[in-house]
Amino acid sequence: MRRTIIAANWKMNNLMKDAITFFSEFGDTALKSENEVIIAPAYPYIPLASALAKKQNIEIAAQDVYPKAEGAFTGMVGGKMLADIGVSAVIIGHSERRRIFGEPNDLIREKVKFVQENGLHLIFCVGETLPERENGSMFDVLKEQIHSAFDDNLTLAPEKITVAYEPVWAIGTGVTATPEQAVEMHAFIRKILKERYGYEDSRILYGGSVKPENLQGLLSHEDIDGALVGGASLKASSFMKLVNF
Ligand code: 13P
């Protein structure tokens with residue numbers, strides 16, 4: 001049985017006061033839920049979120065990491081710092097990092113390797129753009145994103161490797177992939193994870209305009225193991241509905 005993950009990616013949103021309000025309203029929602037709850041605040045608020053989420057069964061994640069322990073890397077946050085503030089999960093390869101910051105596949109590969117070497121929970125994002133979907137190359141795109149990032153001998157425990165299928169055209173657009181579209185891609189990702197890397201029990205999340213109104217439809221399919229949520233995760237009222245779907 002794969003345990004459902006409901007994960008919040010706050011991106012560059014929610015200030016200190018918002019985080020305080022969020023956790024006070026969210027209360028013990030995660031403790032009472034059967035689902036695994038992950039929240040990824042922006043770096044400056046990670047210690048605050050960790051403190052507010054203490055004993056609430058919430059995993060605090062980072063939205064990225066620079067793949068070095070420490071050193072002369074101006075502006076970056078590395079592994080030793082994440083460990084120091086109690087982060088145990090990291091989102092890697094988000095389409096905003098690939099697209100806006102031009103993050104290349106070889107850097108993403110280094111980050112995946114780093115996450116693995118440090119035994120963190122990897123939340124690895126893949127997804128095609130609208131033109132790639134329209135010209136039918138989405139399967140090749142996903143295959144390339146996965147193969148270019150993963151070593152053939154992945155050693156992470158299955159529960160520590162989570163793939164998030166986030167079609168770029170669905171992120172922040174209000175257009176959600178239909179459950180059928182998502183299921184097709186999830187099944188494809190699962191096949192690759194199993195056949196090439198020997199992973200049968202890793203979770204595959206859907207991300208892209210997930211809202212309380214559309215989560216149920218997505219999660220009723222066995223290949224969809226949860227959601228990675230942006231906009232609808234910023235307020236506790238809406239994220240609670242997702243966690244309690
Ligand atoms: P939205 O839920 O705002 O579409 O964002 C999805 C996402 O990018 C999560 O990582």
Side-chain angles (χ1 to χ4, degrees), residues 4-15 18-19 22 26 35-43 45-46 49 58-65 87-103 108 111-112 115 120-130 132-133 138 141-142 145-146 149 161-179 181-182 185-186 189 202-219 224-245:
T4 300
I5 294 179
I6 306 294
N9 175 8
W10 284 358
K11 308 191 180 182
M12 204 172 74
N13 299 297
N14 276 355
L15 301 179
D18 306 312
F22 180 98
F26 196 68
N35 303 323
E36 201 169 311
V37 177
I38 301 178
I39 298 181
Y43 286 136
Y45 306 117
I46 288 178
I58 296 171
E59 185 167 30
I60 299 295
Q63 296 173 18
D64 190 29
V65 66
V87 165
S88 55
V90 187
I91 299 172
I92 299 291
H94 193 281
S95 69
E96 284 149 19
R97 296 221 50 88
R98 295 177 192 262
R99 213 166 28 88
I100 305 171
F101 304 103
E103 212 165 88
I108 294 173
K111 291 183 176 184
V112 168
V115 167
L120 299 165
H121 178 179
L122 170 71
I123 302 168
F124 177 67
C125 302
V126 295
E128 80 285 357
T129 62
L130 188 58
E132 287 162 349
R133 173 156 285 268
M138 63 270 195
V141 168
L142 259 58
Q145 287 172 340
I146 295 171
I161 167 161
T162 297
V163 176
Y165 169 60
E166 300 206 309
V168 179
W169 48 271
I171 296 179
T173 57
V175 181
T176 319
T178 63
Q181 285 172 322
M185 304 312 277
H186 281 227
I189 294 167
S202 288
R203 269 86 51 98
I204 305 176
L205 314 181
Y206 169 79
S209 297
V210 169
K211 298 183 260 307
E213 304 82 68
N214 58 31
L215 186 66
Q216 182 75 57
L218 289 158
L219 292 192
I224 304 183
D225 302 316
L228 179 56
V229 190
S233 74
L234 298 179
K235 295 254 187 293
S237 53
S238 139
F239 193 57
M240 281 159 82
K241 283 189 196 147
L242 296 170
V243 171
N244 295 328
F245 76 94

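Start at 1 and go down the list; that is how both ligands and their atoms are numbered.
When each of Arg98, Lys111, Lys11 is tested with Asp64 by the rule salt bridge (charged side-chain N to carboxylate O under 4.0 Å, His left out), just one qualifies, namely Lys111. Screening Val90, Val115, Ile91 for a side chain to side chain contact (heavy atoms under 4.5 Å, CB included) involving Leu122 leaves a single residue, Val115.
Of all the heavy atoms of Ala170, the ones lying under 4.0 Å from any atom of ligand 1 belong exclusively to the backbone.
Residue Lys211 places no heavy atom under 4.0 Å from ligand 1. A heavy-atom separation below 4.0 Å is not found between Ser233 and ligand 1. Within the structure, ligand 1 has Gly172 among the residues with a heavy atom less than 4.0 angstrom away.
The main-chain N or O of Gly208 is found under 3.5 Å from a side-chain atom of Tyr206 such that the two form a donor-acceptor pair. Panel note: side chain Asn35, backbone Val243; a donor-acceptor pair is recorded below 3.5 Å.
Backbone and side-chain nitrogen or oxygen atoms of Asn9 are examined, and one is located within less than 3.5 angstrom of a nitrogen or oxygen of ligand 1. Considering both main-chain and side-chain atoms, Gly230 comes within under 3.5 Å of ligand 1 through a nitrogen or oxygen pair. For the pair Gly208 and ligand 1, the shortest N or O to N or O distance does not fall below 3.5 Å. In terms of polar-atom proximity, defined here as any N/O pair under 3.5 Å, Ser209 does make such a contact with ligand 1.
Centroid-to-centroid, the aromatic rings of Phe22 and Trp10 come within less than 6.0 Å.
The minimum heavy-atom distance between Ser209 and Gly174, with the atom names listed, is OG-N, 2.8 Å. Listed here is the closest heavy atom pair of Leu218 and Ile224: O-CD1, 3.3 Å.
Looking only at heavy atoms of the protein, atom 5 (O) of ligand 1 is closest to Lys11 NZ, 3.2 Å. Given atom 3 (O) of ligand 1, the protein heavy atom at minimum distance is Gly231 N, 2.9 Å.
Looking only at atom types and distance, the side chain of His94 has no donor-acceptor partner in the side chain of Gln63 under 3.5 Å away.
Less than 4.0 angstrom separates some heavy atom of Leu228 from each of these atoms of ligand 1: 9 (C), 10 (O). Residue-ligand proximity, Glu166 to ligand 1, at heavy-atom distances under 4.0 Å covers atoms 6 (C), 7 (C), 8 (O), 9 (C), 10 (O).
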